[in-house]
Asker: 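Let me begin by handing over the structure; questions about it come next.
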Amino acid sequence: MSGNTHTLDLDVAQALALENAQQGSTLKLDYRFELQRREFFKLLGGGLLVGVCVSSLAQESGRKGRPSEENLPTSLAAWLHVAEDGKITVYTGKVEVGQNIRTSLSQQIAEELRVPMQSIQLVMGDTALCPFDMGTFGSRTTPVMGPRLRNVAATAREQLITLAARRWQVSRDALVAADGKVTDPRSRKSISYGELSRGQELVTVIPDDPPLELPKDWRIAGTAAPKVDGRAFVTGEHKYTPDMKRPGMLVGKVVRPSAFKASLVSVDSAEAEKMPGVTVVRDGNFVGVVAPDEPGAMRAVKAIRAEWKAPQQSSDATLFSDLRKPTSEPGETYGMNPSHVAGSVEQGFASADKTLSQTYTVAYIAHAPLEPRAALAEWNNGKLTVWTGTQRPFAVRDDLAETFHVSPDNVRVIVPDTGSAYGGKHVGDAAVEAARLAKAAGKPVRVVWTREEEFTWAYFRPAGVIDVKSGVRKDGTVVAWRFDNYNSGPSAIRTPYNIANQKIEFHASDSPLRQGSYRGLAATANHFARETHMDELAHAVGMDPLEFRLKNLQDSRLAAVFQAAAEKFGWGREKSFPARGFGIAGGVEKGGYIATCAKVEIDPTSRDVAVRRIVAAFECGAIVNPDGLRNQVAGAAAQGLGGGLFEAIEFSNGKITNAHFADYRVPRFSDMPKIEVVLLDRKDLPPAGAGETPIVGTAPAVGNAIFAATRIRLRSMPLVPRGLQKAG
Amino acid sequence: MSLALLVNGIEHKVDAAPDQSLLSVLRDNLNLTGTKYGCGEGQCGACTVLLNGRPMRSCRTLASSAAGKSITTIEGLEQNGRLHPVQEAFLKVEAFECGYCTSGMIMSAVALLKQNPSPSESEVREFMKGNVCRCCTYPRILQAVRVASTRAVERSVEQAR
Ligand code: FES
Ligand code: FES
């Protein structure tokens, strides 16, 4: 028993690696192309059957000699280029999916290099041009890529100063770099970066600690710089993957199975094959078409009669009891079982005046990015280029290389700035499909998923069951905390409250649906359970929920956001009553501190719940771009209303039963409360990411407000999918 | 079938299938990709264009039914290199994150301000509730429409003088 309940301190990186490992094993749509396999066996000389299917997890951790984040290039030229005309090009494997990092990274580069932002062009997410990158997730861009590119830019600046000193035969100490030039204040001579570099590579090694500007001295970073290519978005000029075309391009579509886990029994494609310009591709379980255009491809798919056989599968009715069953494949879903133990919960419960035991549940939800999954693939002499909106271009490159048995060096993945992802675009399903069809057609092929395909064949935020048992003293001190999370994941599973006796465990389950990353990962589920439970405890001992939290908190940064949110909100100024309630919740994850206050109103006749006001206070160290940050925090708080109030994937026997926006409710204008954002700028602390954490406070704050008004305690996310009447 | 479509003031002859949507003709035949596919079901508004000045979901509009009408897409708003006031307001307020909903949002807002130059906030919410922003930048979009409408009002006052 002690084997899996030992204390294990999971830091952010480990938790991330873990959650990604979990995704690796469940995420890929499992295409086993027959043709490819035969080709591969020929290559191997046949007979070698084992070891062909390496799971992504094994690849990620066990790959030797392939690039990783540990052995990134340290040569400046790999990251940055100064052209003769002074244009600066910087390369990063991170991708822009709406989190505004094209702008915030450019700001930081401009700051260190001391050039205007307009002279910087960021090449993002192109595997042929950019240094290896694990992917854009886990709010890692700001804390990791930001400093890395600042180091790169500072190194370039210092190198340019050295070049100028050499040229003028003077000591470099007095030289000043500013505004794209190096100047010698003594002789008033100056020379532009472009002239200095003459477009050649700056050869030098990036040291670990080049002299960096301090956040308090920032002039470009730290300001509300406008989005660098904002204009292209209001004119419709920006090309997302579905907007791209290549000469001779055809359009591809996949004939989807009748249900999950279905296998193909027979297919009749005679009618489709007669359509002009249509090719039908059948490979193992994969059936797809290529046609000259989108309507043609759609018609061809409709004309194909495929018979599938699918096993009996469970439905959402038994979801939560299913998730309590231990996984049938230990070691498959998770490599380890993160647990945390402090003190003795048994003793803690014995010393408590009151104990409380409750269960919280979280439904599967869909990312439903407005830009559906899409890819354009093109083969040229055995080399593959794919444009696709993914958060992990290098992983998708490797996936393509593995699927088509070509060297990763012969695969190039390019990610155009993408119509959002929220953790939903970690894999390259559309890329594999487009590449398979392009291979058959001998022409570039573009695949764009329909909304229904999006809702069905993408993966979901994991559903989960969380049991919380706690003990509290009369004075409001929480003395025992037992927290068991089934399936939703370990992100932010630890409590930020100061509790002497704790036992916290994550339990892997067999998920009936394909699941994976989502904005904030499991932090949303864990915060929902924890912050709802804390609220219940506060009421149990008759304390104000804010006061109760502060009493059990030693983390001053978290306390500070609680106080900031409460102050802006006017916490405690008005009392809740049956038609109006006020709630509070907060927490910390990935270096970001969030506190959220919510005001809800309940219609006395319809019992509909309307969220009227949200105040979100957020702190993530030094702020790189306050305007962008405000947008992220407000957007996350608002998006949290969807999963908090009404979003839930419904499924039955291998099918999603609400795979349309008409049936799957997402937040709209009519759902929007007044949202106020309070930012705490800690210039003394390094910046942390902000794209995810602000989402976690919304659901518990709203649930707690509903309780304050109605005395109805809701313990399931979504809280009120059908209004309050049926929820209670 | 051959269709004559008047798009952004220019007449185009296109060869469209009888069941082809206006969205598909705009994107696939005319390469006007500013109008987006978000659902194809009339539920998200990403494909909004103006038909004789009224907002339409182009994914649910047969191309053939748009013949003879004046079609305006996001590409048609800019005049002589000058952004439309609604585009300007969206840019100024930065009323987007990923920007995928933006064309549709702008087209809906243009249509709204055309028929109601200074709408109340609840009128904006009501008129635009068919447009989804999955990044949930709704508060900023409301602000942008407000900015644009203030300008529109100012402009009409100027013209009245
Ligand atoms: S694409 Fe037309 S409404 Fe969604
Ligand atoms: S900005 Fe991403 S959908 Fe609106």
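Only this structure's heavy atoms are used, side chains among them; waters, hydrogens and symmetry mates stay out. Per chain, numbering begins at 1; letters A, B, ... match sequence-line order.
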Asker: With no hydrogens and no angle check, is any side-chain donor or acceptor of B:Tyr138 less than 3.5 Å from a backbone partner on A:Pro667?
Answerer: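 Yes, the answer is positive, given that a donor and an acceptor are paired below the 3.5 Å cut-off.
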Asker: Report the C-alpha distance between B:Met105 and A:Phe669 in whole Å, list the side-chain angles of each, state the deciding distance to 0.1 Å, and finish with yes or no for side chain to side chain contact (heavy atoms under 4.5 Å, CB included).
Answerer: CA-CA 11 Å; B:Met105 289 287 178; A:Phe669 277 105; 3.8 Å; yes
Asker: Hey, does B:Glu97 have a side-chain heavy atom less than 4.5 Å from the side chain of A:Asn100?
Answerer: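 With C-beta onward as the side chain, the pair stays apart.
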Asker: Of all of A:Gln632, A:Arg451, A:Arg299, A:Glu454, which one pairs up most often with chain B through heavy atoms under 4.5 Å apart?
Answerer: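 Maximum pair count with chain B is reached by A:Arg451.
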Asker: Of all the heavy-atom pairs spanning A:Arg668 and B:Asn131, show the shortest one and how long it is.
Answerer: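 For A:Arg668 and B:Asn131, the tightest heavy-atom pair comes out as NH1-N, 4.3 Å.
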Asker: List the steps and the verdict of side chain to side chain contact (heavy atoms under 4.5 Å, CB included) for B:Arg134 and A:Tyr422.
Answerer: CA-CA 10 Å; B:Arg134 198 55 182 139; A:Tyr422 323 117; 3.4 Å; yes
Asker: Got a salt bridge between A:Arg231 and B:Glu78, using NZ or NE/NH1/NH2 to carboxylate O under 4.0 Å?
Answerer: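 Salt bridge present between A:Arg231 and B:Glu78.
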Asker: Is any side-chain heavy atom of A:Arg630 closer than 4.5 Å to one of B:Arg140?
Answerer: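 Yes. Closest side-chain heavy atoms under 4.5 Å.
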Asker: Measuring heavy-atom distances to chain B, does A:Arg446 have an atom under 4.5 Å in its side chain, in its backbone, in both, or in neither?
Answerer: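 Contact with chain B is through the side chain of A:Arg446 alone.
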Asker: Does B:Gln87 use its side chain to pair, donor to acceptor, with the backbone of A:Val234 at less than 3.5 Å?
Answerer: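 Flag set: sc B:Gln87 to bb A:Val234 pair under 3.5 Å.
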Asker: Looking at A:Phe661, A:Tyr240, A:Phe455, which has the largest count of heavy-atom pairs under 4.5 Å with chain B?
Answerer: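 Most heavy-atom pairs under 4.5 Å with chain B: A:Tyr240.
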Asker: Side-chain contact, heavy-atom cut-off 4.5 Å: A:Pro295 with B:Asp28?
Answerer: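 They are in contact (side-chain heavy atoms under 4.5 Å apart), so the answer is yes.
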Asker: Please determine, among A:Pro242, A:Ala368, A:Pro673, A:Ala638, the option with the most heavy-atom pairs under 4.5 Å with chain B.
Answerer: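 Result: the option with the highest number of such pairs is A:Ala368.
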Asker: Is it the side chain or the backbone of A:Asp417 that comes within 4.5 Å of chain B heavy atoms, both, or neither?
Answerer: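 Neither part, no heavy atoms under 4.5 Å.
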Asker: Which atom names give the shortest non-hydrogen contact between B:Cys98 and A:Thr418, and what distance separates them?
Answerer: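 Minimum heavy-atom contact is CB-O, 3.6 Å.
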Asker: Output the option from B:Leu32, B:Leu142, B:Val86 having the highest count of non-hydrogen pairs under 4.5 Å with chain A.
Answerer: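 The candidate making the most pairs under 4.5 Å is B:Leu142.
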Asker: Could you pull out the closest heavy-atom pair between A:Lys245 and B:Asn31, with the gap in Å?
Answerer: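 The pair with the smallest heavy-atom distance is NZ-OD1, 2.8 Å.
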Asker: Looking at every non-hydrogen atom in both residues, tell me the closest pair between A:His660 and B:Glu41 and how far apart they are.
Answerer: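 Minimum heavy-atom contact is ND1-OE2, 2.6 Å.
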Asker: Which is it for A:Thr450 and B:Tyr37 under the side chain to side chain contact (heavy atoms under 4.5 Å, CB included) test, yes or no, and what are the steps along the way?
Answerer: CA-CA 9 Å; A:Thr450 63; B:Tyr37 168 90; 3.4 Å; yes
Asker: Has the side chain of B:Glu94 got a donor or acceptor atom that lies under 3.5 Å from a matching backbone atom of A:Lys227?
Answerer: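 A pair under 3.5 Å: yes.
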Asker: Checking B:Arg27 against A:Asp243 for the side chain to side chain contact (heavy atoms under 4.5 Å, CB included) test, could you report, in this order, the C-alpha distance in whole Å, the side-chain angles of both residues, the deciding distance, and whether it holds?
Answerer: CA-CA 8 Å; B:Arg27 291 179 54 83; A:Asp243 305 328; 2.8 Å; yes
